[in-house]
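Just so we're clear, the structure is a prediction, and the values are computed from it rather than from any experiment. To find a chain, count down the sequence lines: A is the first, B the second, and so on, and within it residues start at 1. As a basis for the values below, the full set of heavy atoms in this structure was taken, side chains included, without hydrogen atoms, waters or symmetry mates.
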There are 2 protein chains.
Amino acid sequence: MSAITIKMLARELNLAISTVSRALMDSYEISAETKEKVHALARQLNYQPNHYASSLRRQRSKTIAVIIPEISNNFFSHVINGIEAIAQEKNYHVLIYFTHENQQKEAEVIQHLLSGRVDGILMSMAGNTTNIQHLHPIREQGIPIVFFDRICADLDAPTVTTDDFDSSLLATHHLMEVGCKKIAYLSISPHLSIDCKRMQGFQQAIATKSGQVESLLLPCSTDPQRNQELITNMLAIEKPDGIFASVEKLAIASYHACASLGLSIPADVKILSFSNLETASLLNPGLTTIIQPAHDMGKSAATVLFNMLEKRKSKNWERNTVIRSSMIIRRSTQIAI
Amino acid sequence: MSAITIKMLARELNLAISTVSRALMDSYEISAETKEKVHALARQLNYQPNHYASSLRRQRSKTIAVIIPEISNNFFSHVINGIEAIAQEKNYHVLIYFTHENQQKEAEVIQHLLSGRVDGILMSMAGNTTNIQHLHPIREQGIPIVFFDRICADLDAPTVTTDDFDSSLLATHHLMEVGCKKIAYLSISPHLSIDCKRMQGFQQAIATKSGQVESLLLPCSTDPQRNQELITNMLAIEKPDGIFASVEKLAIASYHACASLGLSIPADVKILSFSNLETASLLNPGLTTIIQPAHDMGKSAATVLFNMLEKRKSKNWERNTVIRSSMIIRRSTQIAI
DNA sequence: AAATTCTACGGAAACGTTTGCATAAAACAT
DNA sequence: ATGTTTTATGCAAACGTTTCCGTAGAATTT
């Protein structure tokens, strides 16, 4: 019924609790003979160490927390995959929390994690987080944290990102090369590092063709329905001939908006987007995407975190890791024939 | 630096540890006055109870585990979302594990969870799990478990599923109504409950038109590359005019296969699939899908589990919850004009 | 006034580990 | 033979809670 404890093993074998404990962790001061006996019984009774007792005693839990805005997002699910791959390798466990882009929720989660619940944190900021007061206790308590993708610039912590600025620059140039004269940037949230960087790249590219290419900025929301309305309105009124979607969901909303207006992609409007959509090539038309190395970013962030956990002393771990995205050009930005 | 403990609060306030503990948990035998003092100090010092100490003492952790095959799958990410919604509401924490469709890994995860690490388990079986020996200790130790989607028929535990059989029946009839005469069923893994049920629905539908409609069975793998080859081969050799993909990834592979052979959907081959793809309507052509109520299934599974946790006695919780899927017909199964 | 019940709190044991320290027995050195 | 080191083990204290039990003093009843 109830689980086997070290105490039971000790009693059964007529050994002290400490001896059994040491035997199980393969301590050098236990004879090979005793170790064998202990291990044999442990196997036989299917002994599993109590994680909570162990975590309480040593002051670490072999658990990390991943805090992300949401999971119904290809990028984040691939990141998680990468994180889990590393965690599994290191025998760590992963607690997962969603902020739903909500600062309040983000604060609550962090508040909870301050109790030593986890050894470290991997985090991507919520879209509507403007105030970062709730992040300070993390540093005060010295809990290792690594930010990925949506970083917090005002906090001194390692980050793992992709080359948002450069990719945006490249992508915008591409739009201009295929003939766009009036390009709209669809922003997901001006508080997010990624959005800022991407917009900067966009604007810098536009600036190089100053006077020849017009730019538009459309701030979007977290509500898909509302986004589609916003985009539809913009398409109808401003009539841009290019759309740069900062995130996948805005590209999808754009496709729907075009469909509702009977606009043809790419003849009337060309669209590209940061996106990890697996079906990008199967869309009608295929969507030109800037593919973020999500899986690698997850692995990388986890690796940096584990480095911090393992050698707490040497504070010279990677500060800012940047992994390059790659652009795949498809029909959505093809020059009309 | 280090976290605040109850002991520190007690010393500061000249109270016994037990008094502080009781005050914090709002026990009736503590005066309102004392409670107020304790709460005030706790707030001021930002006290956070140590989760491990607490979990060790009471024998519950306020944590559940979710064991799924993978996350890069729209269905599972939506399920997780539903689970997290309920967990958050109940103030529970969620540990997440991926089996990568691997029985070995599945066994390891479960092995670990036997130590009282979690209060309950939500699980969807791995694709290549044939032997369920590793599941028995869960029942022996009395750890509450709920299976969702890919259930384990041989274990007496509550399940949350969708109406796989009926939906398959309906979908297959649809394929036949739009004129398919030779329909291939793409199987993901014959060991999975969902695959069996879906195949049965498929076969039963075919049987009603016995002699008039031919059926094909293509067992697929977990490797996308390989699947595409298998499907391409089948399309080339057997020339079916309809494909029923048991899971989303096989539909995607089918689209790619058709593209590589220059086959037109739906003119040459009609395709439908169980799928939660958000972009189904934007594909070329739009994919007819049987949408599983993933989010609701997650919420439902979590709710059943929490019911088990809360009233351990009354064993009359829902045994088998079935939530209906819905079919959305799109161009991929349209009658050619 | 004595006996009883409440009220509000303290002491200490427990949850299952890990680990610093102590110590018999054995091995070795003088 | 005596002293010293080594080897293998045991004892007990921690980790931070929760909770059983006990008890002064106040309040109430008889």
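Distance check: A:Ile138 CD1 to A:Leu113 CG gives 7.5 Å after rounding to the nearest 0.5 Å. If you take CD on A:Gln59 and OH on B:Tyr52, they are separated by 11.0 Å, rounding to the nearest 0.5 Å. Here the straight-line distance linking atom CG of A:Leu305 with atom NZ of A:Lys90 works out to 10.5 Å at 0.5 Å rounding. Remark: A:Ser193 OG to A:Asp149 CG distance equals 6.5 Å, nearest 0.5 Å.
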Tabulate below the donor-acceptor pairs under 3.5 Å that side-chain atoms of residues 150-158 of chain B make, not counting sequence neighbours, or state none.
unit_1	atom_1	unit_2	atom_2	d
B:Arg150	NH1	B:Glu101	OE1	2.8
B:Arg150	NH1	B:Glu101	OE2	3.4
B:Arg150	NH1	B:Met125	O	2.9
B:Arg150	NH2	B:Glu101	OE2	3.1
B:Asp156	OD1	B:Arg319	NH2	2.6

Would you give me the side-chain donor-acceptor pairs under 3.5 Å for residues 293-304 of chain A, sequence neighbours excluded?
unit_1	atom_1	unit_2	atom_2	d
A:Thr303	OG1	A:Lys299	O	2.7

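Here A:His112 and A:Tyr97 keep their ring centres 6.0 angstrom or further from each other.
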| Once each nucleotide of nucleotides 12-19 of chain D is scored for protein heavy atoms under 4.0 Å, what B/S/- sequence comes out, 5' to 3'? | BBBBBBBB

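Between A:Glu29 and A:Lys35 there is no salt bridge, since no side-chain nitrogen of the basic residue lies less than 4.0 Å from a carboxylate oxygen of the acidic one.
Atom NZ in B:Lys35 sits about 12 Å away from atom C1' in C:dT7, given to the nearest Å. With rounding to whole Å, A:Ile30 atom CD1 is found 14 Å from D:dT6 atom C1'. Atom P of nucleotide D:dG10 and atom CD of A:Glu29 are separated by 12 Å, given to the nearest angstrom. Protein atom CG of B:Leu13 is 11 Å distant from nucleotide atom P of C:dC9, rounded to whole Å. In this structure, the CG atom of A:Asn14 is 11 Å from the P atom of D:dC11, given to the nearest Å.
The shortest distance between the side-chain N/O atoms of A:Ser31 and the OP1/OP2 oxygens of D:dT7 is not below 4.0 Å. Residue A:Thr34 places at least one side-chain N or O under 4.0 Å from the OP1 or OP2 atom of D:dT9.
Only one option out of B:Leu95, B:Val109, B:Ile143, B:Val146 pairs with B:Ile121 in a side-chain contact (heavy atoms from CB on, under 4.5 Å); it is B:Ile143.
Within 4.0 Å of A:Ser55, counting heavy atoms only, lies no atom of the nucleic acid at all.
Ring geometry, B:Phe148 versus B:Phe76: the interplanar angle exceeds 60°, so the pair is classed perpendicular (tilted spans 30 to 60°).
Non-hydrogen atoms lying under 4.0 Å from DNA chain C are contributed by nothing in residues 36-43 of chain B.
For B:Tyr47, there are no ring-ring contact (aromatic ring centres under 6.0 Å, His included) partners, not counting sequence neighbours.
Axis angle across the helix from C:dA1-D:dT30 to C:dT30-D:dA1, with five pairs used at each end and values rounded to 10°: 60°.
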